[in-house]
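Notes for the one structure printed next.
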There are 2 protein chains.
Amino acid sequence: MANATIRDVAREAAVSVASVSRVLNGHSNVRPETRRKIEDVAARLGYFPHAGARNLSTSRAHAIGVVLPDLHGEFFSEALRGMDRAASERGLHLLLSNLHDGERAVEMLHTMRGRVDGLVIMAPHIDPDRLLAGLPPSIPSILVNCATSRDDCPTLRVDNFGGAAAMVRHLVSRGRRGIVHVSGPTSNVEARARIDGYEAAMVEAGLTPRVLIGDFMEEAGAAAAAEILRAPDGVDAIFAANDMMAIGALIALRDAGVAIPDQIAVAGFDDIPLARLISPSLTTMRVDIADIGARAIARLADAIAGTPDHRLELSTPELMIRDTTKTSPRQSGEKQGKAR
Amino acid sequence: MANATIRDVAREAAVSVASVSRVLNGHSNVRPETRRKIEDVAARLGYFPHAGARNLSTSRAHAIGVVLPDLHGEFFSEALRGMDRAASERGLHLLLSNLHDGERAVEMLHTMRGRVDGLVIMAPHIDPDRLLAGLPPSIPSILVNCATSRDDCPTLRVDNFGGAAAMVRHLVSRGRRGIVHVSGPTSNVEARARIDGYEAAMVEAGLTPRVLIGDFMEEAGAAAAAEILRAPDGVDAIFAANDMMAIGALIALRDAGVAIPDQIAVAGFDDIPLARLISPSLTTMRVDIADIGARAIARLADAIAGTPDHRLELSTPELMIRDTTKTSPRQSGEKQGKAR
DNA sequence: CTGTTAGCGCGTTCAT
DNA sequence: ATGAACGCGCTAACAG
């Protein structure tokens, strides 16, 4: 039993489809009597308008496409949460699409044409120029944390460079000098910016940078910690490029009986919910990613409404000082703790 | 500059729209020469088919709607992750819709008609009968963790009753007798089932159930712990209806200097990633929610493909014994610890 | 192999 | 206030 159409309602109510359409969209120019009759029939038939057809007719989909690398970790979940909130406030749906490789990416993007009114692209790991190249220019888009040379597309970005530098300065102010950075994959723009910020601040403080390359996953943090423990070499702080790696390092250090932060301080980046809950609680750079998601939707909605906006908006992370960096390091002469 | 349509391509290539449509959809009955010409023109015009129009024509949206209460917490994020994985494997998009109140819920559902091929409804807090009532019957749906009296709709459910009972038995086997349950809101089916399972197992063990009503949020766990500390009353275990509340209780107890698990054991439900990372690590019932999400999509895809399936599938949570319930309780005569 | 034509379900002029 | 007719962009019979 197929669903009723507007035509069924019109026939049953002995009116034209135009009238039915009018009452459906709340137009005023309908006689109350006619309106009632149509509403009755619609209710009786269990009729509901077909959103797809409506989209085609009005060329408005009331949906915006969201392109994410994957949903792993709390970071992207949080972003999605913010977008969802902003979207439902505006009566918009979210059409999800995960971008794994770069190849199917363009194809996926095209699959969205005609089904969304705009696109939020959040792909720090994919060359966005290649992405945008194949994109229909007529569809409003906003780039979030993407590396792009084009300045004709609205962009939202986190000040990763400044954030990383701020964290280094915080550690230095606490008396740390052997600060190692555990980075994200170098193919990721955000990871690169954090490396750059770290290195700049280290040099500025007259210290020698040392970067261990990771991949944003917990295990990479643990591996980095293990490597450092193998040859401590005066390391008194680990600054990971995200919280998950920081937590991996934290747990590895804890299990090895290292005193945190006395012996080695630990710091992360993002401030995912976990950072506050783990113990000792993790010092990190707060990135209000839910808010960034919400602002992306807000700007896109404006763009769709005809207020195009080609600015670059920069969001500055905030330093959250917690337990893992609270004290100054022990004197290097002191013997290693034998906790647990 | 509006986007090119199939007609533009046809005109430019001096063929009919039918031929263009054929090459677009990879039909074989097209002369290679014609095919090449069409492909050239399409590329030159930057033409991409309009998914919306295609949906209308084929009455297949290649998208499935996902209805969630909200994205708060790791639980629903995980579910979404599983669905997304299963969906992209099948070339399906996910159309998100958050159900806050029950009123706009039905309306939201109808907004999806004509834009999705199926619906995953995950709403333990809303009366699904009311939800389904207004729903077009022609659209395949699957209920996940919903309370429903209808058995004509495929359902996926976690064995919350059995899981809660299993946890109680575990605690009892560890010598705990004063086991308090911190529940979710009683309007939530899952919360109710967990209460029932807890109570049944307590009675079975000859113990007196005691339930503190919470709301699945961290703060409720902390509040429950505070209340218990005010009048310990022989309580030697707190079993929270989800991990977030268990963690709230855990931290509150820790801050109050209570020895965990020596004095009071703590257990949760769900096994969110945090449960393993917190310390002491949390004993909990593992619900593979990502897998449940994936299976929901899989079953829906089958139903859409014409293999309708009205079974009720039950997923059994698995007991994860971790640090918070490792030991037996101290003798009650022993004096309260004065840790920290 | 290719073109013509009729829908898909709805919004929207333009008449009346 | 109402109805007839066209268009949105594409697919799928049906002819040729």
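Throughout, a chain's letter reflects where its sequence line sits, starting with A, and its residues are numbered from 1. Just so it is clear, the values below take in all heavy atoms, side chains as well, and ignore hydrogens, waters and symmetry mates.
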(Q) Applying salt bridge (Lys or Arg N to Asp or Glu O under 4.0 Å), can you list everything that pairs with B/E89, at least two apart in sequence or on another chain? (A) none

Q | Note: B/D302-B/R299 ion pair, threshold 4.0 Å (strictly below) | A | no

Q. Starting at CZ of A/R115 and ending at C1' of D/dC8, how long is that distance when rounded to a whole Å?
A. 17 Å

Q. If the sugar-phosphate is the primed atoms plus P, OP1 and OP2 and the base is the rest, what is the B/S/- string for nucleotides 8-16 of chain C, using protein heavy atoms under 4.0 Å?
A. BBBBB----

**Q.** Donor-acceptor under 3.5 Å (B/N188 side chain, B/E190 main chain)
**A.** yes

Q. Below 4.0 angstrom from OP1 or OP2 of C/dC1, is there any side-chain N or O of B/T34?
A. no

Q. Hey, is A/R81 close enough to A/E78 for a salt bridge, meaning N to O under 4.0 Å?
A. yes

Q: Look at B/R11 together with B/D8 and state whether they make a salt bridge at an N to O cut-off of under 4.0 Å.
A: yes

Q. What is the distance from CG of A/N55 to C1' of D/dG7, rounded to the nearest Å?
A. 16 Å

